[in-house]
Amino acid sequence: MKLEGKVWSFGDNIDTDAIIAARYLSTSDPVKLAEHLMEDIRPDFPGLVEKGDILIGGQNFGCGSSREHAPLAIKGAGVSCVIARSFARIFYRNAINIGLPILECSDDLSHLQPGQDRLQVDFEEGIITHLETGDIYKAAPFPPFMQEIINLGGLVGYVKNRIKG
Amino acid sequence: MNNGGSTMVEKILAANSGKSKVNPGELINARVDLALGNDITAPVAIKEFERFGLDEVFDRDKIVLVPDHFTPNKDIASAEQARDVRDFAKKYNIKHYYEIGRMGVEHALLPEQGLIHPGMIIIGADSHTCTYGALGAFSTGVGSTDLAAAIAIGEAWFKVPATIRFEYSGTIPPFVSGKDLILYTIGQIGVEGARYRAMEFTGEAIDKLSMDGRLTMANMAVEAGGKCGYVQPDQTTFQYLDGRVKNDYTSVYSDEDAYYEKVYQFDVSSLEPQIAFPPSPDNVYPVSAAAGTTIDQVVIGSCTNGRIEDLRAAASVIKGKKVHPGVRLLVIPATQLIYRQALEEGVLAAFIDAEAAVSTPTCGPCLGGHMGILARGEKALATTNRNFVGRMGHPESEVYLCGPAVAAASAVAGEIVHPEEVK
Ligand code: SF4
């Protein structure tokens, strides 16, 4: 699986409250949640993010509560994948389970220009390429098992497949 | 990669995924022995489960549903969530559904009811599911979709965690408990210090630590970012399990040559009781550093410190004294059985005589749900596990975390004190 998109960067320890504030949790509709994505730390973000964009985070992205609404809001905004130095554990699970690809990359991506720089992400190889400069960043390759879950639209699709088989 | 021995957690994960050995970082599908949900997370999982179009759950004996967070129902919305869980339990004939009056805070309840034994894999849609590692099991918190999948097929995927070993030497001083050991540890390594990792608690101080103290330590592994925390089974474990667990089980132990990513050594001989200052569980200092901090409310309870030993420790400090006029003391036994035991031992009488409010089991104030919400500017001292901004009420209220003896002593003093000071 390969993806291309322009980037938006966020810092370290972006918590699930920053991704989607608790006051919006009365719905689990991804599109409605996306209207408030990152609103408390970047109020104009819901108006800027476009389908196919890539989110970049620092350390411990998605820390805090176990709410699945956080990856749902990101997916609802059309974000194609999230790349971070590290993810909080339950966010990592939840993202995979709802079919949102995420990648851990220890290279520093903080110099990338938000809303401008475009990356290509190769999940099988774990290679991230800057589409203008050709710079290459290494990430942990995406295991086939996770690939399968993502391809089936998340854990619900995966389980349905298992039940049928 | 490591070709040597395996840790307890690696062995449990290997055995449940049909492999002879697993290594940290490996992704596996494993059978789960128990899947847990509560009144907040189960309704979401139930909705997901229904999308599978199945007529039955994978095993009605291996699902546990505990309405403990907003119960007894605090409002209409919570009543409807609890009803959805109740209806599901009825429809699928779920054996371990615990109704109000028979229930308790989930992580205190499951071990007490004999549902946990060494070698099991337990997942729960609640981050403190890591508690059961104290009994030599692998258990961890997951999301609601994970729970839905486990209810359907009895499996979950895991990334095998690397293990960090924590060795505690020395003799535990008076008034110091499992809570102080784990707070101290989190203070040393930080809230990310064990992210994705298994935390193995070991050493002579752990050997002598009670089961309740071990449960408290494993409970807070998640506050260090851990996937699970565990103590390998020993005589204390077997004594606790004796008469509770009916299944046969096999205890699992880490090999001598197991690979540990890191080893920490702590001597606890001169450890003071610990306090986590707001707003993070790793903001930890000895109690002397908090001396004189006035408090409005004290909470003794939760899945961290609502067990009988905790109530006894608090009652022995408070017996014959009165709660300070400026303080509200809330005592919440974690389960019905603990409530009953505390009643029979005179522990509840000690609290009531001291003018504390004693409640039926519930999570209540621990998550800022109900039964003791803080107003703007108020400060609470609690035996719970999280002190994030707004955790117990208003965003401008504050929570300090401690063990039961300090909580009781401070309720009497009206400010945070060492228990020795309220003799
Ligand atoms: S007592 Fe607190 S931490 Fe424990 S399960 Fe309830 S809300 Fe969560």
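Below, each value reflects all heavy atoms present in this structure, side chains not excepted, and no hydrogens, waters or symmetry copies. In what follows, every chain begins at residue 1, and chains take the letters A, B, ... in the order their sequences are listed.
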ask   = Could you state the interatomic distance from CD (B:E192) to CG (A:D12), rounded to the nearest 0.5 Å?
value =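 Atom-to-atom, B:E192:CD and A:D12:CG are 8.0 Å apart.
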task = Calculate, to the nearest 0.5 Å, the distance between atoms CD1 and CZ belonging to A:I163 and B:F58 respectively.
result =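 Reported to 0.5 Å precision, the distance equals 12.5 Å.
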Mind checking whether [X] and [Y] have side chains closer than 4.5 Å, heavy atoms only?
{"X": "A:R162", "Y": "B:N29", "value": "yes"}
{"X": "A:N94", "Y": "B:T145", "value": "no"}
{"X": "A:Q59", "Y": "B:R195", "value": "yes"}

Toward chain B, the part of A:N13 with a non-hydrogen atom under 4.5 Å =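 When you check distances to chain B, only side chain atoms of A:N13 fall under 4.5 Å.
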Contact summary for [X] and [Y], nearest pair of heavy atoms:
{"X": "A:L155", "Y": "B:A149", "value": "CD2-CB, 3.5 Å"}
{"X": "B:W157", "Y": "A:R93", "value": "O-NH2, 2.6 Å"}
{"X": "A:E68", "Y": "B:S144", "value": "OE2-N, 2.9 Å"}
{"X": "A:I90", "Y": "B:V142", "value": "CG2-C, 4.3 Å"}
{"X": "B:Y196", "Y": "A:F87", "value": "OH-O, 2.9 Å"}
{"X": "B:L27", "Y": "A:P143", "value": "CD1-CG, 2.9 Å"}

ask   = If you count heavy-atom pairs under 4.5 Å between each of B:E155, B:R386, B:K47 and chain A, which one has the most?
value =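 Sorted descending by pairs with chain A, the first entry is B:E155.
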inquiry  = Check whether A:R89 reaches the backbone of B:G141 with its side chain - one donor and one acceptor, N or O, closer than 3.5 Å.
reply    =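 Present.
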query = Does CD in B:E261 sit with more than 12 non-hydrogen atoms of other residues, nucleotides or ligands closer than 6.0 Å?
reply =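 Count over threshold, so yes.
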task = Could you point out which residue of B:I151, B:L54, B:I153 forms a side chain to side chain contact (heavy atoms under 4.5 Å, CB included) with A:V159?
result =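 It is B:I153, the one option of B:I151, B:L54, B:I153 that forms the side chain to side chain contact (heavy atoms under 4.5 Å, CB included) with A:V159.
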